[in-house]
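Counting starts at 1 for both ligands and their atoms, in listed order.
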Amino acid sequence: MKILLVAPGRGKKRAIGISGRAFQVPPLALGILARLTPLEHEIELVDENLHHVDFRRVPDLVAITCLTASAPRAYEISGRFRELGAKVVLGGIHPSAVPLEAIEHADCVAIGEAEGVWNRLLDDFRTGRLKRFYKGKKPTSSQMAVPRRDIFER
Ligand code: B12
């Protein structure tokens, strides 16, 4: 299964490259999703602050992380991929705070932490039983996944 992980850009700052930013940080939530994803799946990460999303390549599942500031762009990306036939899951602080708004723009909303729900969500998707909402509990420190850093550009 092909899974695209997306960190949406904000406004005009999208995809201007490393040199254009005062400082740039990797989207840790997506590193965690990558760590939790079983190795049989193919994952790709696009951080829109660095690169454009290529809508010509349509994965099976698109997972988008978003804050309130990036929610409008997250919804745009989600809408385009859904038109192209991909399923989209939204997660992060904004969809967790307003899941009923977020579900209007996606097939599925992950509320709270990814640990404990991501693998169940992937299994449900694979077997055609994706639910509209998944609610993650606060993980204990030993359950917390360490972000996979190899998926980030230096
Ligand atoms: C560190 C931090 C930063 C760092 C980011 C470092 C980094 N590497 O990303 C810096 C200083 C750069 C930063 C900047 C900003 N931040 Co900040 N930041 C935080 C802080 C303290 C922790 C965020 C973090 O990295 N958590 C660890 C990651 C792993 O957690 P997470 O993203 O929540 O992801 C988990 C779940 O949400 C879920 N999940 C997330 N995405 C997805 C997606 C899917 C598909 C699924 C299934 C699950 C899932 O699973 C993850 C693992 O369990 C939070 C406060 C907090 N305690 O959360 C504020 C916070 C996120 N920041 C906030 C804000 C407002 C900003 C700025 C907009 C400030 C500004 N005015 O510029 C910018 C935005 C930067 C951007 N990305 O565009 C607000 C967001 C509020 C909101 N409603 O959106 C927060 C909540 C602080 C607050 N209480 O106001 N921030």
Given that the side chain starts at C-beta and the backbone is N, CA, C, O, which of these parts of Thr68 lies under 4.0 Å from ligand 1, counting heavy atoms, or is it both or neither?
-> both
Glu76-His105 side chain donor-acceptor pair, cut-off 3.5 Å = no
Met1 side chain near Phe125 side chain, heavy-atom distance below 4.5 Å = yes
Counting heavy atoms only, name the option from Ile93, Leu67, Thr65 that's nearest to atom 75 (C) of ligand 1.
-> Leu67
Judged by atom type as modelled, is there a donor-acceptor pair below 3.5 Å linking the side chain of Asn49 to the main-chain atoms of Gly9?
-> no
So, Asn119 side chain and Leu36 main chain: donor-acceptor pair closer than 3.5 Å or not?
-> yes
With atoms numbered from 1 as shown, which atoms in ligand 1 lie under 4.0 angstrom from a non-hydrogen atom of Ala114?
-> 38 (C), 48 (C), 50 (O), 52 (C), 53 (O)
Is any N or O atom of Pro26, backbone or side chain, closer than 3.5 Å to an N or O atom of ligand 1?
-> yes
Numbered atoms of ligand 1 (with element) below 4.0 Å of Leu28, judged on heavy atoms = 8 (N)
Return yes when Leu121 approaches ligand 1 closer than 4.0 angstrom through a heavy atom, no otherwise.
-> no
Contact (N/O only, under 3.5 Å) between Gly92 and ligand 1 = yes
Against heavy atoms of Ile64, which atoms of ligand 1 measure under 4.0 Å?
-> 43 (C), 45 (C)
Backbone, side chain, both or neither: what part of Ala110 comes under 4.0 angstrom of ligand 1, heavy atoms only?
-> side chain
When rounded to the nearest 0.5 angstrom, what distance separates CG in Leu90 from CD1 in Ile111?
-> 11.5 Å
4.0 Å heavy-atom contact, Glu115 with ligand 1 | yes
Residue among Arg56, His52, His51 satisfying side chain to side chain donor-acceptor pair (under 3.5 Å) with Asp54 = Arg56
To the nearest 0.5 angstrom, please state how far the CD1 atom of Ile151 sits from the CZ atom of Arg149.
-> 10.5 Å
Between Asn49 and ligand 1, which part of the residue brings a heavy atom under 4.0 Å of the ligand: side chain, backbone, both or neither?
-> neither
Qualifying residue for side chain to side chain contact (heavy atoms under 4.5 Å, CB included) with Pro95, from Ile103, Val109, Leu67 = Val109
State if Gly112 counts as touching ligand 1 under the rule of any non-hydrogen atom under 4.0 Å.
-> yes
Does one hydrophobic cluster hold both Ile64 and Ile93, with members joined at side-chain heavy-atom distances below 4.5 Å?
-> no
Applying a 4.0 Å heavy-atom criterion (strictly less than), which segment of Tyr134 is in contact with ligand 1: side chain, backbone, both, or neither?
-> neither
Could you go step by step and tell me if Ile32 and Leu30 meet the side-chain contact (heavy atoms from CB on, under 4.5 Å) rule?
-> CA-CA 5 Å; Ile32 288 180; Leu30 299 184; over 6 Å; no
Which atoms of ligand 1 sit under 4.0 Å from any heavy atom of Ile32?
-> 29 (C), 52 (C)
Out of Arg35, Glu113, Lys138, the nearest non-hydrogen contact to atom 35 (C) of ligand 1 is supplied by Glu113
Which atoms of ligand 1 are found less than 4.0 Å from any heavy atom of Ala29?
-> 29 (C), 32 (O), 34 (O), 40 (C), 41 (N)
Do Arg35 side-chain atoms and Ala145 backbone N/O form a donor-acceptor pair below 3.5 Å?
-> no
Should Ala63 be counted as touching ligand 1, given the test is an N or O pair under 3.5 Å?
-> no
For ligand 1, find out whether one of its N or O atoms is nearer than 3.5 Å to an N or O atom of Ser96.
-> no
